[in-house]
2 protein chains.
Amino acid sequence: MNIEKVITEKQKRAARYAKAMGHPVRMYVLELLSSQSCCYSGDLTEELPIAKSTLSQHLKELKEAGLIQGEIEAPKIKYCLNRENWKEAQFLFKQFLRI
Amino acid sequence: MNIEKVITEKQKRAARYAKAMGHPVRMYVLELLSSQSCCYSGDLTEELPIAKSTLSQHLKELKEAGLIQGEIEAPKIKYCLNRENWKEAQFLFKQFLRI
DNA sequence: ACCTTTGTTCGTAATTTTACGAACAAAATG
DNA sequence: CATTTTGTTCGTAAAATTACGAACAAAGGT
C-alpha cells in the first residue's frame, strides 16, 4: 500500500496545480493572465492591497508550480502564463471534472 | 484598494475549491467519487497508506469545502460528491480555464 | 556617478496544514 | 450485555503557508 502505487502521477500533478490555484490572490493573477496574455507585476502591486514582497512570494509559487513565467523587460518583469503547463492543467482538470 | 473590491467572489470560491483539491489524497478521493458515485471511508483506509485519523481529516476538509457529503449507513459512512457544489466547481473551473 | 524604479530576498511572526497514535463514541453483532 | 467495527476527536509535533517591512540588487534615467 505504497503511496506511489495508489495515487497516480496525474493526480499528483493535478493536486500540485490545484494547490497553486488555491489562494484568492493567485487565482486573481491566473485569471488575469488567462484573459490578457501578460502583465507586469507592478500593475498587480497597484491593484492588489498586499505588500510587494507578498505578491512576489505568490508569483514565485505560481512560477514554481509551472503555471506562469516571467520575462525580464528591464526594469520591469513581464509575466505570462506558461502555455505548455497551462494546457496540461486544462487537460487534467477537464478530465478530473469531466467537463 | 480593498481586497474585497479587487478579488471577486467567484475567484474566492474557485480558490476555495482549488485549495480543497490541492492535496494528492483529496484529489484521489474526489476522482474516485466522480467516477463511482459513492464510497465508504473504510475502503479508502484500506487503499490509502495513511492513518485513519489523517484520512478523516482530509474528508472533513472536503466536506467543509462543500465538495463531498457523508451519509450515515451504520456502522459505516457513505461518501458522495456534493452534486450542487461539484457543479459549481465545474462551472467555475470551466470559466477559469476556458475549457 | 547618483538617484529612481522595480522586484527579490531576508528576517520574523502568526497561522494553517499535515500527520500520527491514543482515546473516545456510536452502533451493529454475537 | 460484551465485543467488534467504524470513524471522529484530541493531543501533539513538524513543516508549510501567509504576511509584513527592511534591506538589498539590478538596471534605467538624469
Side-chain angles (χ1 to χ4, degrees), chain A residues 1-4 6-7 11-12 14-30 32-33 38-80, chain B residues 1-4 6-7 11-12 14-30 32-33 38-80:
Chain A
M1 198 165 66
N2 189 321
I3 190 97
E4 305 301 321
V6 180
I7 295 178
Q11 285 164 344
K12 279 185 238 167
R16 182 72 188 82
Y17 288 134
K19 191 179 178 186
M21 297 169 186
H23 188 284
V25 164
R26 295 196 294 267
M27 186 56 76
Y28 174 88
V29 172
L30 289 172
L32 187 69
L33 287 180
C38 72
C39 76
Y40 297 93
S41 65
D43 306 343
L44 297 171
T45 310
E46 274 177 42
E47 289 162 28
L48 293 166
I50 57 174
K52 61 181 179 169
S53 55
T54 305
L55 176 64
S56 187
Q57 243 177 122
H58 283 302
L59 293 174
K60 191 179 177 185
E61 282 197 55
L62 288 173
K63 259 186 283 182
E64 282 172 358
L67 288 172
I68 68 170
Q69 56 196 355
E71 188 187 331
I72 294 167
E73 219 169 81
K76 298 186 183 184
I77 295 179
K78 191 174 78 174
Y79 283 102
C80 321
Chain B
M1 199 164 65
N2 188 321
I3 190 96
E4 305 300 323
V6 180
I7 295 178
Q11 285 164 344
K12 278 185 239 167
R16 182 74 187 80
Y17 288 133
K19 191 178 178 187
M21 296 168 187
H23 187 285
V25 166
R26 296 196 294 266
M27 186 57 75
Y28 174 88
V29 172
L30 289 173
L32 186 70
L33 287 180
C38 71
C39 76
Y40 296 94
S41 65
D43 306 344
L44 298 171
T45 309
E46 274 178 41
E47 289 162 28
L48 294 166
I50 57 174
K52 60 181 179 168
S53 55
T54 304
L55 176 64
S56 187
Q57 241 176 123
H58 283 302
L59 293 174
K60 191 179 176 185
E61 281 196 57
L62 288 173
K63 259 186 285 182
E64 283 171 357
L67 288 172
I68 68 170
Q69 56 197 352
E71 188 187 331
I72 295 167
E73 217 170 83
K76 299 184 182 184
I77 295 178
K78 191 174 77 174
Y79 283 101
C80 320

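Bear in mind that the values here come from a model prediction, so they are computed numbers and not experimental data. In the text below, chain A, chain B and the rest are named by the order of the sequence lines, each starting its count at 1. Side-chain atoms are counted along with the backbone in the values below, which use heavy atoms only and exclude waters and symmetry mates.
For B:I68 and D:dG7, the CD1 to P distance is 12 Å, given to the nearest whole Å. Nucleotide D:dG7 holds its C1' atom 16 Å from the CG atom of B:L62, rounded to whole Å. Following rounding to the nearest Å, A:I50 (CD1) and C:dG7 (C1') show an atom-to-atom distance of 13 Å. Rounding to whole angstrom units, OH of residue A:Y79 and C1' of C:dT8 are separated by 9 Å. If you take CG of B:L55 and C1' of D:dG7, they are 9 Å apart, rounded to a whole angstrom. A:I72 places its CD1 atom 10 Å from the P atom of C:dT8, with the value rounded to the nearest Å. Rounded to whole angstrom, the span from the NZ atom of B:K52 across to the P atom of D:dT8 amounts to 10 Å. If you measure from atom CD of B:Q57 to atom P of D:dC10, you get 12 Å, rounded to the nearest angstrom.
Along DNA chain D, the nucleotide closest to A:G22 and the one closest to A:P75 are compared, and the more 5′ of them pairs with A:G22. Between A:K76 and A:K60, the one whose closest nucleotide on DNA chain C sits nearer the 5' end is A:K76.
Side-chain nitrogen and oxygen atoms of A:H58 include at least one within less than 4.0 Å of the OP1 or OP2 phosphate oxygen of D:dA19. Remark: A:S41 is in phosphate contact with C:dG7, judged by side-chain N or O atoms under 4.0 Å from OP1 or OP2. OP1 or OP2 of C:dA19 lies within a sub-4.0 Å distance of a side-chain N or O belonging to B:H23. At D:dG21, none of the side-chain N or O atoms of A:S53 fall inside 4.0 Å of OP1 or OP2 (strictly under the cut-off). Put simply, B:T54 has no side-chain N or O that comes within less than 4.0 Å of OP1 or OP2 on C:dA19.
At a threshold of 4.0 angstrom between heavy atoms, the contacts of A:E61 are confined to the sugar-phosphate backbone, with no base atom among them. Within the nucleic acid shown, A:K19 comes within 4.0 Å of sugar-phosphate atoms alone, with no base atom in reach, counting heavy atoms only.
Contact of the A:L48 side chain with the B:I7 side chain is registered, since non-hydrogen atoms from C-beta on lie closer than 4.5 Å.
When every heavy atom of A:V6 is checked against every heavy atom of B:E47, the shortest pair comes out as CG2-O, 3.2 Å. When all heavy atoms are compared, the tightest approach of B:L59 to B:Y79 is CD1-CE1, 3.6 Å. Nearest heavy-atom pair, B:A65 versus B:A20, reported as atom, atom and distance to 0.1 Å: CB-CB, 3.5 Å.
B:S56 places no side-chain N or O within donor-acceptor distance of the main-chain N or O of B:K52, the cut-off being under 3.5 Å.
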